[in-house]
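Letters A, B, ... are given to chains in the order of the sequence lines, protein chains preceding strands, and every chain is numbered from 1.
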Amino acid sequence: MRILLSVGLSGLMAAPSLAADMEISIEIPKLDVAEYHKPYVAVWLEGPDKKVAANLAVWYDVANPKQEGDKWLKDLRQWWRRAGRELKVPADGLTSATRAPGSHTIKFDNASSALKDLASGQYELIVEAAREVGGREVLRIPLQWPPKDGTSLNAKGEHELGTVAVNVKP
Amino acid sequence: MKSVIRAAAVLTLSAVVPFAAHAHKAWLLPSSTVLSGKDDIAVTVDAAASNDLFYFDHRPLRLESLVVTGPDGAKVEAENKSTGKFRSSFDLPLKAPGTYRVSLVMDGAFARYKEDGQEKRWRGRAENIAKEIPASATDLVVTQNVRRIETFVTSGSPDDAALKPTGVGLELEPVTHPNDLVEKSEAEFKLVLDGKPAPGVKVEIVRGGIRYRNQLGETTVTTDDNGVFKYTWPEAGMYWIEANVSDDKTTIKDAKERRAGYSATFEVLPE
């Protein structure tokens, strides 16, 4: 009887209690175009219900001299519809400046504010990039959180994103 | 007995009759429908009637009947109104976040009559009927014409305070928010006539960009018993919808028939 009870209780413990790390690397491709602006990028985790489970990063023109960098946040269409329009920006630990072409790494663990309340389950990591006078691209990588084993997953963009890789380890 | 039933059926039918309006398509076209940012957020809206959507090549719509409802339900003033040869235009500052309902609300009349045996047509405001139609007119038939032409824009998060029907004429009561429309996903709207569900009304749906394709590609859907219609947007773009009904609920003394029309412009975004 006591065993059954403890099983029942652990089933209710949704938040992960073990250590887990997530390292995401996002490649911004170097583009040979007449007018280049560094892309806006949003990174988030989506649950099976298609709702945003965790906002991980938003790179936009935070330091725009006329303070109008947030005017184009809507161009990150999916992120804007699912999360952005409900958020106040800039937001500590979430928003930062746009990045130059090259690979950029962001790291989280299960103590990070974005992930500490995330229930165990299947998610999709979504990276969306939108560039002024350019295009838009969305990449999705399914992953399990917290991870059972160390895994490296990646997806390759064709237009506005290069390789997006995510390394998770318990 | 049979004839009584038939008479009843005819009466029910005549209560609300859909009809096709053979006229140019009237539309409002906003520069954006989904906006982000905090300061100096605004849209410019064009208003015109034309055959091809959304090209202003026929005539402008007058802006006297412009009503803009803000996110708090209060009226918002448009700026820089102008009317040119082919289109009217105005700016709309979106000072507060939320959804704005932009409407041209027309309540007028048209009439047919005979004067000295000649067939005449008249169109104008109801209060001018007595003034402008001669007392000697015979065979006078007056029809009330209530029309609403709309579009919607949202700054920040969509809300619905501006979307409440006024209860006059044919209106759209969104189930899916009109600024939350995505290609290949289904949207659901309710048509209401004087605030009550309007069942069995045909709604024509056309995507913009007509000039650059050979077929109109229009779709007609019909509202169900609750006045609801559903549509899955085949692709992203600006869409125009229109519905028309006619009944006898006129508020003009001389009119026996009321026509109520509704048209709206929606932007459908890529996934």
Check: Of all of A/E86, A/Q67, A/K66, A/R81, which one pairs up most often with chain B through heavy atoms under 4.5 Å apart?
Finding: A/R81
Checklist line | Stepwise ring-ring contact (aromatic ring centres under 6.0 Å, His included) test for B/W27 and B/F54 | finding: CA-CA 8 Å; B/W27 44 264; B/F54 289 92; 5.5 Å; yes
Check: For the rings on B/F189 and B/F229, is their centre-to-centre separation under 6.0 Å?
Finding: yes
Checklist line | Exercise: identify the closest heavy-atom pair between A/A53 and A/G47 | finding: CB-N, 4.2 Å
Item checked: Over-ring placement of B/R148 relative to B/Y262, 6.0 Å and 45° cut-offs -> no
Margin query: Quick check on A/W80 against chain B: is it the side chain, the backbone, both or neither that has a heavy atom closer than 4.5 Å?
Written below: side chain
Note to self: Counting only non-hydrogen atoms closer than 4.5 Å, does A/E68 touch chain B with its backbone (N, CA, C, O), its side chain (CB onward), both, or neither?
What the structure shows: neither
Item checked: Under 4.5 Å from any heavy atom of chain A - which part of B/P270 -> both
